[in-house]
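No experiment lies behind these values; they were computed from the predicted model shown.
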Amino acid sequence: DVTTDLLEVVKDMRKRNVPTFADGYYRCIVDPTAMMHLRQNSDFREIARYPGQGMMDPMNPIGGPSANFFQGMGPAYGQAGFVAGQPVMPTGFLFEGVRWFESTNLPETSYNLKIDEATGLADYDAAQLIFFGPQAVGVGIGGNNAQILLNNNDDFSRFIIMIWSLFAGFETLNKDFISVGYSFVY
């Protein structure tokens with residue numbers, strides 16, 4: 001069960017005293033295949049039932065922090081968005097104590113597993129989910145900080161062509177603050 005597995009990951013990180021980020025959430029970088037599996041889960045889809053204004057307000061429970069994800073308002077769910085006409089970086093979306101970001105740059109792996117008795121051992125492709133807290137990964141930035149670059153060749157404003165740009169190096173600082181999960185394709 002997807003939700004139970006996610007709750008186990010969050011519980012495990014809390015028991016290992018992995019700190020949360022300043023907003024009180026962990027981060028997860030997720031492969032598109034694993035994201036597809038999440039979106040097929042009814043518990044995950046339940047957060048779509050109560051769209052709000054995309055801001056956290058305890059006096060307004062329908063103003064949930066994941067509302068932009070379902071209203072297509074960005075900057076949420078891994079896409080850059082615009083605020084006052086300026087591009088901004090995505091904020092991810094929230095589910096089960098984790099702020100989620102989709103990435104197409106995670107490596108694909110394959111494992112030889114027995115998922116049920118009928119099929120026996122077989123090779124299955126696995127999509128990664130990388131959960132982490134602050135101080136798990138160090139970043140050395142060379143040049144400008146993360147930025148969004150726009151291309152002016154936009155076919156008379158019919159398309160917005162933008163990329164994220166960051167020249168940086170990354171290093172694991174504390175392996176105890178990272179958990180890796182896999183979603184299997186079968």
Side-chain angles (χ1 to χ4, degrees), residues 2-3 5-10 12-14 18-41 43-48 51-56 64-83 86-109 125-141 144-150 160-175 177-185:
V2 172
T3 305
D5 292 344
L6 293 176
L7 291 173
E8 284 291 327
V9 169
V10 171
D12 179 61
M13 291 177 75
R14 288 184 178 144
V18 177
T20 59
F21 285 87
D23 62 1
Y25 298 100
Y26 295 112
R27 301 293 188 263
C28 181
I29 300 172
V30 59
D31 180 272
T33 302
M35 181 61 70
M36 178 190 71
H37 294 157
L38 281 172
R39 295 185 80 178
Q40 291 171 341
N41 179 273
D43 291 333
F44 180 80
R45 295 186 66 78
E46 181 69 16
I47 64 174
Q53 302 305 313
M55 60 199 84
M56 193 95 107
S66 294
N68 286 348
F69 173 57
F70 297 100
Q71 295 177 348
M73 294 167 56
Y77 185 60
Q79 288 86 21
F82 291 90
V83 173
Q86 297 299 312
V88 295
M89 300 299 276
T91 58
F93 64 94
L94 303 176
F95 180 63
E96 298 295 358
V98 177
R99 191 173 291 274
W100 298 81
F101 297 89
E102 185 174 352
S103 173
T104 57
N105 294 322
L106 295 174
E108 295 180 4
T109 53
D125 291 330
Q128 287 189 350
L129 300 95
I130 302 174
F131 299 86
F132 58 97
Q135 304 160 8
V137 178
V139 180
I141 298 175
N144 295 330
N145 202 345
Q147 58 186 338
I148 296 176
L149 302 175
L150 298 174
I160 297 173
I161 302 170
M162 66 174 80
I163 63 167
W164 296 6
S165 174
L166 174 66
F167 296 101
F170 300 88
E171 181 67 34
T172 302
L173 299 178
N174 190 337
K175 291 180 182 180
F177 289 179
I178 300 172
S179 294
V180 178
Y182 296 96
S183 182
F184 290 97
V185 181

#### Entry: Pairs involving residues 126-137, ordered by first then second residue, that meet salt bridge (Lys or Arg N to Asp or Glu O under 4.0 Å) (sequence neighbours left out)
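Applying salt bridge (Lys or Arg N to Asp or Glu O under 4.0 Å) to every pair that reaches into residues 126-137, excluding sequence neighbours, yields nothing.
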### Message
Per the salt bridge (Lys or Arg N to Asp or Glu O under 4.0 Å) rule, what does the pair list look like for residues 27-37, sequence neighbours excluded?
### Response
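Output for this query lists Asp23-Arg27.
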### Counterpart residues, side-chain hydrogen bond (donor to acceptor under 3.5 Å, both in side chains), relative to Glu108 (two or more places apart)
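With neighbours one apart ignored, the set is empty.
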#### Entry: Counterpart residues, side-chain hydrogen bond (donor to acceptor under 3.5 Å, both in side chains), relative to Asp12 (two or more places apart)
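Counting only residues at least two positions away or on another chain, Asp12 forms a side-chain hydrogen bond (donor to acceptor under 3.5 Å, both in side chains) with Arg16.
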### Message
Using the ring-ring contact (aromatic ring centres under 6.0 Å, His included) criterion, which residues pair with Tyr182? Sequence neighbours excluded.
### Response
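Per chain and number, Tyr182 pairs via ring-ring contact (aromatic ring centres under 6.0 Å, His included) with Tyr111.
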### Query
Sequence neighbours excluded, which residues qualify as ring-ring contact (aromatic ring centres under 6.0 Å, His included) partners of Tyr26?
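By the ring-ring contact (aromatic ring centres under 6.0 Å, His included) rule, Tyr26 matches no residue at all.
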### Query
Nearest heavy-atom pair of Leu129 and Ser183: which atoms, and what distance?
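Closest pair (atom of Leu129, atom of Ser183, distance): CD1-N, 3.9 Å.
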### Task
Grab the two heavy atoms, one from Met35 and one from Val30, that are nearest each other, plus how far apart they are.
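Scanning both residues, the minimum pair turns out to be CE-CG1, 3.2 Å.
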Any heavy-atom pair between the side chains of [Y] and [X] that's under 4.5 Å?
{"X": "Ile178", "Y": "Phe132", "answer": "yes"}
{"X": "Asn174", "Y": "Gln135", "answer": "no"}
{"X": "Leu6", "Y": "Val98", "answer": "no"}

### Query
Atom CD in Glu102, atom CE in Met36: separation rounded to 0.5 Å?
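Nearest 0.5 Å value for the CD-CE distance: 11.0 Å.
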### Message
Would Phe177 and Val137 count as a side-chain contact (heavy atoms from CB on, under 4.5 Å) here? Give the steps.
### Response
CA-CA 9 Å; Phe177 289 179; Val137 178; over 6 Å; no
